[in-house]
Amino acid sequence: MDQFGIGQPVRRKEDVRLLTGRGTYTDDLHRPGLAHLAVLRSPHAHARILSLDVAAARAMPGVLLVLTGADAAADGLGLLPVQVEVPGVDGQPLWCPPRPILQSDAVRFVGDPVACVVAETRAQALDALDAIAVDYDTLPSVTDTAAALDADAPVIWPERGSNLCVHWSSGREAEAEAAFARAHRTVSVRLVNNRVVGNPMEPRVALGEWDGERWTLTSPTQGVVRVREGLAKFVFGVGLERLRVVSPDVGGGFGLRGKLFPESAMVLWAAKRLGRPVKWLAGRTETFLSDPHGRDHVTEAEMAFDAEARILGMKVRTVAAMGAYLLDFGPRVPTVAGGRIQGTVYDMQAVNVQVRCAFTNTVPTDAYRGAGRPETAYVIERLLDQGAAAFGLAREEIRRRNYIRPEQIPYRNCAGNEIDSGEFAATQQQALELMDWEGFAARQRESAARGRLRGRGIGYFIEASGGQPAEWSRIRITEAGEALVHVGTFSHGQGHETAFAQLAHARLGIPFDKVRLVQGDSDLVPAGGGTGGSRSSQMGGVAVTRAASAVLDKARRLAAERLECAEADIEHQGERFAIAGTDRSIGWGELAQGGALDEQLTYKRNTECNFPNGCHLAEVEVDPETGEVQVVRYAAVDDVGVPLNPLLVHGQCHGGIVAGIGQAVLEHTAYEAEYGQLVSASFQDYALPRAADVPELQVGLNVVPCPSNDLGVKGAGEGGACGAPPAIIGAVCDALGVPHLDMPLTPEKVWRALDARRAAE
């Protein structure tokens, strides 16, 4: 078998460059005459701006420019857009507040941009921020999601009249009520899906340039096309030809890189005003204050069962924090996005989910790894654990009774989407065997002998992967016989340089090391949906394969012409094309002379999405003296369809699991209640998982090909973040003998639960 073909665990070709310091990130770039921008951010969660005086800042050493919201309005800069619609239960669209890139009248969260300074050095720009005098009239604020819609909550947008952005319902309310009316037993849970910060290794950075005719923005993104379109159309009001966006190497994405940010507009605006390149770099605290946050839901949910513990229906009521403004996709995440997989892998139809999206005096929320699907799976899995306890069933058994059966597939879920593949009970069984589920009792006794409480949990998820429904690719063969693969997706750590090279090599026969990925430059990649929603393999991969097929077909025709034979007599032999039965042949490079082999296309799928899924199992130990939780054993079996490269798939599974461990045990974005200050704005206050927090991860695959695309692939990037939280929370609740604890499982929270249980005994 070809060692570089599809399905082979090829090591990432990009790692040699990145690990030897030869990667190029935006902050590595220096331009002649480069100036530096710094942003003045609100110290208040909510306040009116009474006056703003920048005269002293303009006189500071090295200062070139000070810009305010009034300047932006005078220059005609537009508002940052919201690019989704969410229907309300009352038939009204969501309410979208205006968001300029700099605030002039009021600030609505700690970190809201008020002014920016451009200076010769970054230090001078930061120093000048202190010289800007702002007179604020502080106002009451609300940062507690659960309280945001209370009648006495401070209203963030008076013109709206309340903090409600939109009240969304999935429908089937009558069916759900009828299911509960005939239920043998019901269970309920109230839970918090804690707010988290993405925290890529590379902070946000933006470099703006103006050449007299058009702008160039260099910045880490998850795809340059949408960023260019948003800036050109909404902020600057110009044609796309006036703006180029470039993304070099990117140090992590997690969903937040796909957004349109005010700082990107600021550096372009300042660059044109000055006629010089301008760069902005976020410090780590600034990252906490300005990057989109994720999750932040408060949910009350109920599940109804018949006498055999089969699900009859479910009702979910959620308040989801939007922050002070709406980002690109913010209100879609907890509503339509999460709603696509309601019911997940279980046979349930009488489901009604209602979400009230609420404004709070916090950083806006948007997509974070999984974007609505982890939250949905978490609610269902916690309810099933309550159901197992109510019926006296093992947690794996209650799930087994409710899985969608193979003979039901294709299965139309309660959101109306067709699940076209999956072997859910079999995937669970494979995971149980990988975990040695039956050996738990012995491990529990061993933990007890060391004074530790041991518990186990299970989390099954299904994803709705696919993202934007079209993707563009171009393949050009050079006269040196290389294949240049252009694609509109974007790699920010997933291994696309390797996976797409495998696809092109498998179809064209061009050596793996002679395939090069071209991405992240809107001049070279004029179309495409970027990377998000675990779409790259199923969209970009299919587009690359189809473009490669078009190149191969043309090469056969050209070879027949050059060799003066019938096309049917041409044999493709990897790097060469030969007349069958002869020694006459011609190579790729010769055929490509004059740009003859250059094909592009747009692939459009005919489905809403596809449905990767997986069963994740966790075992934890709890120190009863301190409440410290340690994840000591973890196994997961994922169905990602046909794996293009199992090594890359396992890496994505590992990354998602670690993100899930972080949310379940460690990560929490905390705001001080009275003044709305972000008190977890550094790594001293916000705990990311480290190597010591992660056990050896046992990861397997149940290969169930997806029938809706050429490659049989499904998404792989977000499953761990869906499966890990319910598995770990379930394991800790099992160890403690309590029905539920909210994330994150801090030692204090766990110790208090233990103390309450001991007091009740």
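Keep in mind the model is a prediction, meaning the values are calculated, not measured.
- With respect to the salt-bridge test (charged N to carboxylate O, under 4.0 angstrom), the residues Lys259 and Asp291 do not qualify.
- Taking the charged nitrogens against the carboxylate oxygens, Arg332 and Asp366 have no contact shorter than 4.0 Å, which rules out a salt bridge.
- Between His492 and Phe490, the ring-plane angle classifies as parallel under the 30° and 60° cut-offs.
- Geometric assessment of Arg369 against the ring of Phe254 yields a negative cation-pi assignment under the 6.0 Å and 45° thresholds.
- By the 30° and 60° cut-offs, the orientation of the rings of Phe683 relative to Phe288 is perpendicular.
- Taking the centre and axis of the six-membered ring of Trp215, the NZ or CZ atom of Arg228 falls outside the cone set by 45° and 6.0 Å.
- Classification of Glu202 and Arg257 as a salt-bridged pair holds, one side-chain N sitting under 4.0 Å from a carboxylate O.
- Salt-bridge annotation for Glu471 and Arg535: present, with a side-chain N of the basic residue lying under 4.0 Å from a carboxylate O of the acidic one.
- Between atom SG of residue Cys96 and atom CG of residue Leu80 there is a gap of 10.0 Å, rounded to the nearest 0.5 Å.
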(request) Mind running side chain to side chain contact (heavy atoms under 4.5 Å, CB included) on Val63 and Val117 for me, showing each step along the way? (result) CA-CA 7 Å; Val63 170; Val117 173; 4.1 Å; yes
(request) Evaluate the criterion salt bridge (charged side-chain N to carboxylate O under 4.0 Å, His left out) for residue pair Arg242 and Glu213; output intermediate values, then yes/no. (result) CA-CA 7 Å; Arg242 299 282 302 281; Glu213 295 184 358; over 6 Å; no
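- A salt bridge does not link Arg516 with Glu497: none of the charged nitrogens is closer than 4.0 Å to a carboxylate oxygen.
- For the pair Asp521 and Arg244, the salt-bridge criterion is met [side-chain N within less than 4.0 Å of a carboxylate O].
- Side-chain rings of Phe261 and Trp280 stay apart, their centers remaining 6.0 Å or farther from each other.
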(request) List the steps and the verdict of salt bridge (charged side-chain N to carboxylate O under 4.0 Å, His left out) for Glu120 and Arg276. (result) CA-CA 11 Å; Glu120 296 287 356; Arg276 292 175 56 173; 2.9 Å; yes
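- For the pair Arg41 and Glu286, the salt-bridge criterion is met [side-chain N within less than 4.0 Å of a carboxylate O].
- No side-chain donor-acceptor contact under 3.5 Å links Thr602 to the backbone of Trp472.
- Contact check on Glu263 versus Arg204 returns a salt bridge, with a Lys/Arg side-chain nitrogen under 4.0 Å from an Asp/Glu carboxylate oxygen.
- Aromatic pair Phe109/Phe359: centroids not less than 6.0 angstrom apart.
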